[in-house]
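Source: prediction; values computed, not measured. Start at 1 and go down the list; that is how both ligands and their atoms are numbered.
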Amino acid sequence: MEYVSVHGARVPSLGLGTWELEGEQCRRVVADAIELGYRHLDTAQAYGNEEQVGAGIRAAAVDRGELWVTTKVWIRSLAPDDVRRTTEESLRRLGSDYVDLLLIHWPVAMDILDATLAAMTALRDEGKVRHLGVSNFTPSQFERAVGLAPVVCNQVEYHPFLDQREVIAAARKHDAMVTAYSPLARGKVTADPVLAEVGQAHGKSAVQVALRWLVEQDGVSAVPKASSRGHLEANLAIFDFVLTGAQHERIAGLARGERLIDPPFAPDWDA
Ligand SMILES: NC(=O)c1ccc[n+]([C@@H]2O[C@H](COP(=O)([O-])OP(=O)(O)OC[C@H]3O[C@@H](n4cnc5c(N)ncnc54)[C@H](OP(=O)(O)O)[C@@H]3O)[C@@H](O)[C@H]2O)c1
């Protein structure tokens with residue numbers, strides 16, 4: 001495992017995404033992941049699986065202190081009282097006294113951003129949340145957020161088919177991390193011939209190259225979702241090879257503005 005250092009925290013650069021994992025399968029995948037060596041888990045109130053993520057954590061029986069657990073406040077719950085109530089519900093479902101990182105899931109309530117972040121900061125001061133962050137914030141929205149509170153992360157869609165240089169630059173300016181979600185372009189990287197060719201030179205798959213390319217970038221972590229033990233293992237086997245500068249550039253050249261997560265309430269990405 002490699003780590004991203006952010007505001008005094010050490011975040012495993014590869015985590016497990018859990019969107020669309022449900023019920024017993026979610027519990028099993030989380031427990032398997034931890035057993036295989038994952039120490040970073042990504043969930044959200046909106047995924048409806050915090051209870052199963054918590055059950056998986058307990059089944060794996062590692063010290064809570066060894067894990068980095070992220071959850072996200074949903075778009076309807078950004079008023080201060082709702083932030084507190086829903087976060088405390090998340091903690092109950094997860095069966096934990098705290099989360100390592102609490103994110104604003106989407107920037108839909110920018111008019112009350114100061115109040116939302118103040119509520120999150122109060123939870124941090126009480127030890128229920130270790131770090132604050134945001135998700136799906138544009139660079140200018142991120143600038144606003146860091147002016148209001150110690151925000152350590154912007155979690156955004158990021159994979160070889162979507163250039164996120166400006167988002168990364170905005171985060172680095174404030175010593176914050178970018179977490180790449182949908183890092184496998186929801187499975188599409190498997191079919192890319194350039195990623196496959198680069199992988200051949202290292203005895204690795206296109207998926208492993210895509211993940212390696214992300215985590216080799218300064219201040220970037222990634223949270224691929226996987227639902228089989230084989231995929232979990234493959235995605236973790238990316239710390240025994242290094243891409244060359246030329247390979248990095250070649251992969252960056254695959255960017256084609258392919259945004260896969262773009263709901264009606266998404267921000268104007270280019271504003
Ligand atoms: N903040 C946000 O708004 C936001 C939005 C979207 C996602 N996320 C987070 O990011 C996580 C990951 O994103 P995602 O779930 O959209 O997609 P993803 O991680 O890019 O791709 C997941 C897909 O890749 C497949 N896969 C995984 N490992 C593989 C391997 N080694 N070989 C071949 N295929 C493989 C999975 O199949 P199997 O399931 O069959 O293994 C699944 O179909 C989410 O789970 C969630 O935690 C956050």
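Both the backbone and the side chain of P183 come within 4.0 Å of ligand 1, counting heavy atoms alone. Heavy atoms of N235 found under 4.0 angstrom from ligand 1 belong exclusively to the side chain. Counting heavy atoms under 4.0 Å from ligand 1, residue V207 touches it through the side chain alone.
Listed by atom number, the atoms of ligand 1 under 4.0 Å from D42 heavy atoms are 9 (C), 46 (C), 47 (O). The contact set between ligand 1 and R186, taken as ligand atoms under 4.0 Å from a residue heavy atom, comprises 14 (P), 16 (O), 17 (O), 18 (P), 20 (O), 21 (O), 23 (C). Of all atoms in ligand 1, numbered sequentially from 1 with element shown, those under 4.0 Å from a heavy atom of Q155 are 1 (N), 2 (C), 4 (C), 8 (N), 9 (C), 48 (C). Per-residue contacts place Y47 under 4.0 angstrom from the following atoms of ligand 1 (heavy atoms of the residue considered): 4 (C), 8 (N), 9 (C), 46 (C), 47 (O), 48 (C). Numbered from 1 in the order shown, with element, the atoms of ligand 1 that lie under 4.0 Å from a heavy atom of T190 read 33 (C), 34 (N). The atoms of ligand 1 that sit less than 4.0 Å from any heavy atom of H105 are 1 (N), 2 (C), 3 (O). Near G187, meaning under 4.0 Å from any of its heavy atoms, are these atoms of ligand 1: 21 (O), 23 (C), 24 (O). Atoms of ligand 1 lying under 4.0 Å from at least one heavy atom of V223, given by number and element, are 10 (O), 11 (C), 12 (C).
The protein heavy atom nearest to atom 25 (C) of ligand 1 is K225 O, 4.2 Å. The protein non-hydrogen atom at the shortest distance from atom 2 (C) of ligand 1 is Y181 CE2, 3.2 Å. For atom 45 (O) of ligand 1, the closest heavy atom belonging to the protein is W19 N, 2.9 Å. Summary of contacts: the protein heavy atom closest to atom 30 (C) of ligand 1 is H231 CD2, 3.3 Å.
For atom 14 (P) of ligand 1, the nearest non-hydrogen atom from the set S227, A222, S182, S135 belongs to S182.
Although no hydrogens or angles enter the test, the distance criterion places no donor-acceptor pair under 3.5 Å between the side chain of Q208 and the main chain of G199. For the pair N49 (side chain) and T18 (backbone), a donor-acceptor distance under 3.5 Å is present. A donor-acceptor pair is defined here as one N or O able to donate and one able to accept, closer than 3.5 Å; such a pair exists between the side chain of Q141 and the backbone of T138.
Separation of atoms CD (E66) and CD1 (I57) is listed at 12.0 Å; rounding is to 0.5 Å. Note that OG1 of T43 and CG of L16 are 9.5 Å apart. Values are rounded to the nearest 0.5 Å.
Remark: ligand 1 and K72 share no N or O pair separated by less than 3.5 Å (distance only, no angle test). Ligand 1 has an N or O atom lying under 3.5 Å from an N or O atom of N136, backbone or side chain.
The aromatic rings of F241 and H202 sit tilted relative to each other, their planes meeting at an angle between 30° and 60°.
When only modelled atom types and interatomic distance are considered, N136 and Y181 share a side-chain donor-acceptor pair under 3.5 Å. Between the side chains of E157 and S182, not a single donor N or O lies within less than 3.5 Å of an accepting N or O.
For the pair L94 and E50, the tightest heavy-atom approach, listed with the atom from each and the gap, is CD2-O, 3.4 Å.
F137 does not carry R144 over the face of its six-membered ring by the limits of under 6.0 Å from the centre and within 45° of the normal.
For CZ of R229, the number of neighbouring non-hydrogen atoms (other residues, nucleotides, ligands) closer than 6.0 Å is greater than 12.
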